[in-house]
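As structure tokens, the structure follows; a few thoughts come after it.
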Protein chains: 2
Amino acid sequence: MYICFMSNSKLYKGSLTTIILKLLNENDRMYGYEITQKVKALTKGELNITEGALYPALHKLEAEGLLDVEVAKVDNRLRKYYKLTENGTKETVNKLEELAEYIKTMQALVNPKLA
Amino acid sequence: MYICFMSNSKLYKGSLTTIILKLLNENDRMYGYEITQKVKALTKGELNITEGALYPALHKLEAEGLLDVEVAKVDNRLRKYYKLTENGTKETVNKLEELAEYIKTMQALVNPKLA
DNA sequence: CAAATATACATAATTTTCTTATGTATAAGT
DNA sequence: ACTTATACATAAGAAAATTATGTATATTTG
């Protein structure tokens, strides 16, 4: 099964953390595979997160204290549920502000008439 | 003089090519330093392109045949004027479409209620 | 019932893109 | 004189992804 982080565009580079935090902010707790499926569904197949991108990103967020992990066994298969810590929730707010700022800035650059 | 590509956010990763192409699409020809100043002005200081990011990016676009370069000497100082090739103009359209798509996709992820 | 696909994790080598730090040189402002 | 601005360049390192594997169980399908 071939998975790639994005269709083609390099613009998604640097966006994965924002996406993960936001999804966890909405869904309380999620496991890795669930995140990939949710992203695929929400973007109608536009965005497919690679495992090689996702798992290291989750481990890093955990190491930074933004996520807590809880291991569970479902149907004899391993699942690692992630949820936001208090700091993780704060960081989510920051990341969403950064995204809004990014969009505003880029629009000022590519569409200066509207600025 | 301290210059950094962006305020703080990692979201700008992968955006530099789009920015360069769009500016050249609007201004016919520009030189590197001019691009940094234009970006600073358009974003009101929000975004400052580093030389370490800009010059390699320009060289790469030239190597890919998206930009043509013309060297000039102004006030006894060197300038390298860049302009879009035909392929560069086509690629600019692609990059702008990708940016619009990126924004749409990210909004679907962070604000699913509006999707 | 065998094979393929889906679920679920992980990591390692490599590439891309940027940061940070330098380096060179001239012009202009203080 | 000294600092800042203009104007280019590159090299070492970090960060974040791609691409390619690897392991293992469950489910679907021919």
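Proteins come first, then strands; the chains are lettered A, B, ... in the order of their sequence lines, and each starts at number 1.
Atom OG1 of A:T36 is separated from atom CG of A:L54 by 7.0 Å, given to the nearest 0.5 angstrom.
B:Y82 pairs by the ring pair (Phe, Tyr, Trp, His ring centres under 6.0 Å) definition with nothing, not counting sequence neighbours. A search for side-chain contact (heavy atoms from CB on, under 4.5 Å) contacts involving B:K22 returns A:V110, B:E26, B:L96, not counting sequence neighbours. Legend: residues meeting side-chain contact (heavy atoms from CB on, under 4.5 Å) with B:T17, ordered by chain and number and at least two apart, are B:L21, B:L61, B:K95. Partners of A:K104 according to the side-chain contact (heavy atoms from CB on, under 4.5 Å) rule, which considers only residues two or more places apart in sequence or in another chain, are A:E101. Scanning for side-chain contact (heavy atoms from CB on, under 4.5 Å) contacts around B:I103 gives A:I103, A:Q107, B:L99, B:Q107, with sequence neighbours left out.
In this structure, CD1 of B:I35 is placed 15 Å from P of D:dT6, rounded to the nearest angstrom. Between the OH atom of A:Y33 and the P atom of D:dT27 there is a distance of 13 Å, rounded to whole Å. Here C:dA8 presents its P atom at 13 Å from CZ of A:R29, a figure rounded to the nearest Å. C:dT7 atom P lies 8 Å from atom OH of A:Y31, rounded to whole Å. If you measure from atom OH of B:Y81 to atom P of D:dT6, you get 14 Å, rounded to the nearest angstrom. Here C:dT20 presents its C1' atom at 17 Å from CD1 of B:I49, a figure rounded to the nearest Å. Between the C1' atom of C:dT7 and the NZ atom of A:K40 lies a distance of 11 Å, rounded to the nearest Å. One interatomic measurement links the two molecules: NZ of A:K10 to P of C:dT15, which rounds to 15 Å at whole-angstrom precision.
Every pair passing salt bridge (Lys or Arg N to Asp or Glu O under 4.0 Å) that includes a residue from residues 70-82 of chain B is listed here, sequence neighbours excluded: B:R29-B:E70. Applying the ring pair (Phe, Tyr, Trp, His ring centres under 6.0 Å) test to every pair with at least one member in residues 53-80 of chain A, sequence neighbours left out, gives no pairs at all.
For B:K60 and C:dT17, the shortest distance from a side-chain N or O to OP1 or OP2 is below 4.0 Å. The phosphate of D:dA17 has neither OP1 nor OP2 within less than 4.0 Å of any side-chain N or O from A:Y12.
Judged by distance alone, with hydrogens and angles left aside, the side-chain atoms of B:T85 form a donor-acceptor pair with the main-chain N or O of B:G65 at under 3.5 Å.
Set against C:dC18, D:dT18, C:dT7, the side chain of A:Q37 has C:dT7 as its closest nucleotide.
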Distances for protein N/O vs nucleotides 26-30 of chain C N/O pairs under 3.5 angstrom?
from: C:dT26; atom 1: O3'; to: B:N76; atom 2: ND2; distance (Å): 3.3
from: C:dT26; atom 1: O2; to: B:R77; atom 2: NE; distance (Å): 3.1
from: C:dA27; atom 1: OP1; to: B:D75; atom 2: O; distance (Å): 3.2
from: C:dA27; atom 1: OP1; to: B:N76; atom 2: ND2; distance (Å): 3.4
from: C:dA27; atom 1: O4'; to: B:R77; atom 2: NH2; distance (Å): 2.7

Pull out every protein N or O sitting under 3.5 Å from an N or O of nucleotides 10-12 of chain C, one pair per line with the distance.
from: C:dA10; atom 1: OP1; to: A:H59; atom 2: NE2; distance (Å): 3.2
from: C:dA10; atom 1: OP1; to: A:K80; atom 2: NZ; distance (Å): 2.7
from: C:dA10; atom 1: OP2; to: A:H59; atom 2: NE2; distance (Å): 3.1

